[in-house]
Amino acid sequence: MKIAEKMTIEEKLNILTDAAKYDVACTSSGVSRMNDGTGIGNCVKSGICHSFSADGRCISLLKILFTNECIFDCKYCVNRSSNDILRTSFTPGEVCDLTMEFYRRNYIEGLFLSSGVIRNPNYTMELLYQTLYKLRTEYKFQGYIHVKAIPGASQELIQKTGFLADRMSVNLELPTAEGLRLLAPHKTRENILKPMRFVQNIMNENRQEIVLYKEAPKFVPAGQSTQMIIGATQETDFQIMQVTESLYKGFGLKRVFYSAFVKVNDDCNLPGKLLETPPLLREHRLYQADWLLRYYGFEAKELLSEENPNFNILLDPKCDWALKHLECFPVEINTADYYTLLRVPGIAHKSATRIIKARKMTSLTFEDLKKMGVVLKRALYFLTCNGKMMYPTKMDEDYIMRNLLNAQGKMPNHIQEMTYRQLSLFDDVNFRKEQVFDEKNICL
């Protein structure tokens with residue numbers, strides 16, 4: 001292990017922002033852009049990432065690790081104790097100074113603070129608490145703060161920190177206990193879920209206190225989240241979705257993040273050549289399905305099953321579900337209820353709400369739907385307006401899938417030249433097998 005005793009705060013920043021990039025709880029990375037002399041301001045990428053506020057605004061966060069030292073030896077982690085890398089740590093004051101200086105320069109609107117585990121969980125959690133306390137009280141910072149709760153730390157420390165943070169997260173790390181035992185033997189599922197349950201309980205108690213005493217301090221008002229690494233172990237998409245569903249229902253999580261496995265260490269228990277590149281498409285499909293669980297009323301068992309355990313790589317989960325349930329379609333746009341409309345590919349929350357409101361005044365047409373934001377290139381196969389489809393369409397899974405893929409430019413090369421032709425009532429004449437007779441002129 002390489003530990004540098006004397007470092008400038010900029011050197012520490014470069015190391016600890018780079019170490020934080022694998023902790024996925026924001027949506028994108030920053031960029032560097034220097035002033036060319038014709039405008040005002042510039043952009044520095046170190047530690048800048050983006051998230052979204054409750055009103056939909058995209059906000060910038062300073063995303064850093066407090067330390068990249070760690071007592072654990074998780075086989076997938078670049079900061080594991082057995083890796084010979086340069087180690088360093090901030091002090092609470094340095095994190096506060098960085099946050100305020102970045103904020104004054106209008107680089108950020110908040111802080112995302114994670115950490116490796118140094119010495120022990122309580123010692124690390126105490127440092128995070130001191131940082132947030134100093135930032136809130138001495139520096140009077142009232143911006144957004146997302147902080148990690150360290151599994152194994154005392155409940156008292158987690159609670160005190162939660163009253164200073166807007167959001168708190170405990171990383172689940174891997175979808176199943178078996179995967180955790182294989183790749184992170186120093187961690188246990190029980191140890192991770194325990195602080196998650198504690199945060200949930202305190203949040204519920206705090207909501208009741210706020211109802212009774214409006215001036216009561218808020219505990220983690222933006223809720224809690226978690227992260228799972230996808231592709232490091234052999235779980236199917238169905239298993240991952242079941243875990244996600246149980247977290248939303250059982251722990252009241254605000255968000256589950258999926259991180260495509262990035263191979264940064266060599267280990268016999270990690271995937272080999274098959275996963276040298278991150279499974280980004282799989283990560284994307286999981287996020288799409290996650291959205292269906294949270295906002296569209298779907299359940300994991302509707303999207304996948306043990307017989308069909310992984311998502312379609314060609315179609316998004318909603319389209320794939322619709323094709324497998326053509327008996328539910330087409331849907332009449334002028335009479336279907338709100339939740340039925342949400343299950344139609346190409347119709348989202350805003351367009352479904354507009355449809356419900358507009359059809360009180362008039363009978364809707366396909367032209368009206370287009371103006372309301374409905375994506376007709378997907379929706380036209382699943383809708384009728386006043387009993388009529390947009391075009392004559394055969395409700396056939398193969399036919400609709402080919403048209404959807406052609407519309408999206410995703411038709412695989414090996415089936416590009418295949419064509420679909422609707423059979424007529426007289427096609428059985430053309431496809432009748434050639435009759436064969438034996439020696440006694442009997443048809444075989």
Side-chain angles (χ1 to χ4, degrees), residues 16 19-20 23 25 64-74 77 79-81 87 89-96 99 111-138 141 144-174 177 180-181 184-210 216-228 247 250-255:
L16 295 175
D23 202 335
I64 54 176
L65 289 185
F66 187 89
T67 179
N68 65 342
E69 297 180 48
C70 195
I71 62 174
F72 296 128
D73 197 36
C74 303
C77 182
N79 300 313
R80 67 180 185 175
S81 59
R87 309 277 181 171
S89 299
F90 285 123
T91 64
E94 287 174 334
V95 175
C96 293
T99 303
L111 171 67
F112 177 94
L113 184 61
S114 185
S115 181
V117 180
I118 183 171
R119 295 193 187 180
N120 58 65
N122 273 339
Y123 182 79
T124 307
M125 198 71 225
E126 176 67 34
L127 288 172
L128 296 180
Y129 167 71
Q130 289 177 11
T131 303
L132 266 61
Y133 183 80
K134 192 179 186 73
L135 192 58
R136 291 296 197 198
T137 57
E138 294 184 26
F141 181 72
Y144 177 86
I145 297 179
H146 181 157
V147 68
K148 291 289 181 181
I150 307 298
S154 73
Q155 293 183 345
E156 180 184 1
L157 278 172
I158 292 175
Q159 184 171 358
K160 290 196 300 183
T161 307
F163 278 110
L164 299 171
D166 293 289
R167 175 169 287 185
M168 186 173 278
S169 57
V170 185
N171 281 357
L172 192 64
E173 305 291 0
L174 295 162
L180 207 60
R181 281 193 293 269
H186 300 91
K187 299 180 180 179
T188 64
R189 192 65 171 269
E190 180 183 359
N191 215 27
I192 293 172
L193 293 179
K194 186 176 180 181
M196 199 179 289
R197 179 68 72 191
F198 175 73
V199 171
Q200 180 195 20
N201 292 337
I202 299 300
M203 286 172 59
N204 292 337
E205 293 173 8
N206 182 246
R207 290 191 191 101
Q208 296 176 6
E209 289 180 6
I210 292 173
K218 294 181 179 180
F219 179 84
V220 193
Q224 65 171 327
S225 59
T226 193
Q227 173 189 341
M228 287 187 280
L247 289 173
F251 291 84
L253 261 64
K254 195 76 173 180
R255 189 77 189 270

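These numbers were taken from a predicted model, which means no experiment stands behind them. All residue numbers refer to positions in the sequence shown, counting from 1.
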Exercise. Can you name the residues that form a ring-ring contact (aromatic ring centres under 6.0 Å, His included) with Tyr129, not counting sequence neighbours?
Worked result: Tyr133

Exercise. Have Lys254 and Ser225 got a donor and an acceptor in their side chains that come within less than 3.5 Å?
Worked result: no

Exercise. Hey, are the side chains of Ser115 and Leu128 touching, using non-hydrogen atoms and a 4.5 Å cut-off?
Worked result: yes

Problem set entry | Thr188: side chain to side chain contact (heavy atoms under 4.5 Å, CB included) partners, not counting sequence neighbours | Glu190, Asn191

Exercise. Where is the tightest heavy-atom contact between Cys70 and Asn79, given as atom of each residue plus distance?
Worked result: CB-O, 3.6 Å

For this session: Could you tell me whether the side chain of Thr131 reaches within less than 4.5 Å of the side chain of Leu113, counting heavy atoms only?
Result: yes

Problem set entry | Nearest heavy-atom neighbours spanning Pro195 and Pro151 | CG-CA, 4.1 Å

Seminar exercise, completed: d(Leu180 CG, His186 NE2) to nearest 0.5 Å is 11.5 Å

Exercise. Which word best sums up how the rings of His146 and Phe112 line up, parallel for under 30°, tilted for 30 to 60°, or perpendicular for over 60°?
Worked result: perpendicular

For this session: Could you walk me through whether Leu174 and Met228 pass the side chain to side chain contact (heavy atoms under 4.5 Å, CB included) test, one step at a time?
Result: CA-CA 5 Å; Leu174 295 162; Met228 287 187 280; over 6 Å; no

Exercise. Does some side-chain heavy atom of Tyr144 sit less than 4.5 Å from a side-chain heavy atom of Leu111?
Worked result: no

Problem set entry | Any residue meeting ring-ring contact (aromatic ring centres under 6.0 Å, His included) with Phe90, in chain and number order, not counting sequence neighbours | none

Exercise. Any cation-pi pair here, Arg136 with Phe141, using under 6.0 Å and within 45°?
Worked result: no

Exercise. Hey, are the side chains of Leu193 and Leu172 touching, using non-hydrogen atoms and a 4.5 Å cut-off?
Worked result: yes

Problem set entry | Non-hydrogen atoms of Gly152 and Pro121 that approach each other most closely | C-CB, 3.6 Å

Problem set entry | Taking every non-hydrogen atom, the tightest pair across Val170 and Ala149 | CG2-CB, 3.7 Å

Seminar exercise, completed: Taking every heavy atom of Phe163 against every heavy atom of Pro217, the minimum-distance pair comes out as CE2-O, 3.7 Å

For this session: Starting at CZ of Phe219, measure out to CD of Gln224 and round the result to the nearest 0.5 Å.
Result: 8.5 Å

Exercise. Hey, are the side chains of Arg197 and Phe251 touching, using non-hydrogen atoms and a 4.5 Å cut-off?
Worked result: yes

Seminar exercise, completed: d(Ile64 CD1, Thr67 OG1) to nearest 0.5 Å is 11.0 Å

Seminar exercise, completed: Between the CG atom in Asn206 and the CG atom in Asn201, the distance rounded to the nearest 0.5 Å is 12.5 Å

Problem set entry | Leu135 vs Thr99, side chain to side chain contact (heavy atoms under 4.5 Å, CB included): CA-CA, chis, key distance, verdict | CA-CA 9 Å; Leu135 192 58; Thr99 303; 4.2 Å; yes

Problem set entry | Beyond-backbone contact of Ile145 with Leu164, side-chain heavy atoms, under 4.5 angstrom | no

For this session: Kindly write out the residues that satisfy side chain to side chain contact (heavy atoms under 4.5 Å, CB included) with Asn120, not counting sequence neighbours, or none if the list is empty.
Result: Asn122, Tyr123

With a cut-off of 3.5 Å and sequence neighbours excluded, list every side-chain donor-acceptor pair involving residues 153-162.
{"residue": "Ser154", "atom": "OG", "partner": "Leu157", "partner atom": "N", "Å": "3.3"}
{"residue": "Thr161", "atom": "OG1", "partner": "Leu157", "partner atom": "O", "Å": "2.8"}

Problem set entry | Minimum-distance pair of heavy atoms, taken over all atoms of Gly252 and Gln200 | N-NE2, 3.8 Å

Exercise. Any side-chain heavy atom of Glu173 sitting closer than 4.5 Å to one from Lys187?
Worked result: yes

For this session: Give a yes or no answer on whether the side chain of Ser169 reaches the backbone of Lys148 with a donor-acceptor pair at less than 3.5 Å.
Result: no

Seminar exercise, completed: d(Ser81 OG, Arg87 CZ) to nearest 0.5 Å is 7.0 Å

Problem set entry | Pairing residues for Arg207 by the side chain to side chain contact (heavy atoms under 4.5 Å, CB included) criterion, not counting sequence neighbours | Met203, Asn204

For this session: Begin from the C-alpha positions of Glu69 and Ser89 and carry the test side-chain hydrogen bond (donor to acceptor under 3.5 Å, both in side chains) through to its verdict.
Result: CA-CA 7 Å; Glu69 297 180 48; Ser89 299; 3.2 Å; yes

For this session: Using a 4.5 Å cut-off on heavy atoms from C-beta on, say whether the side chain of Thr91 contacts that of Leu127.
Result: no

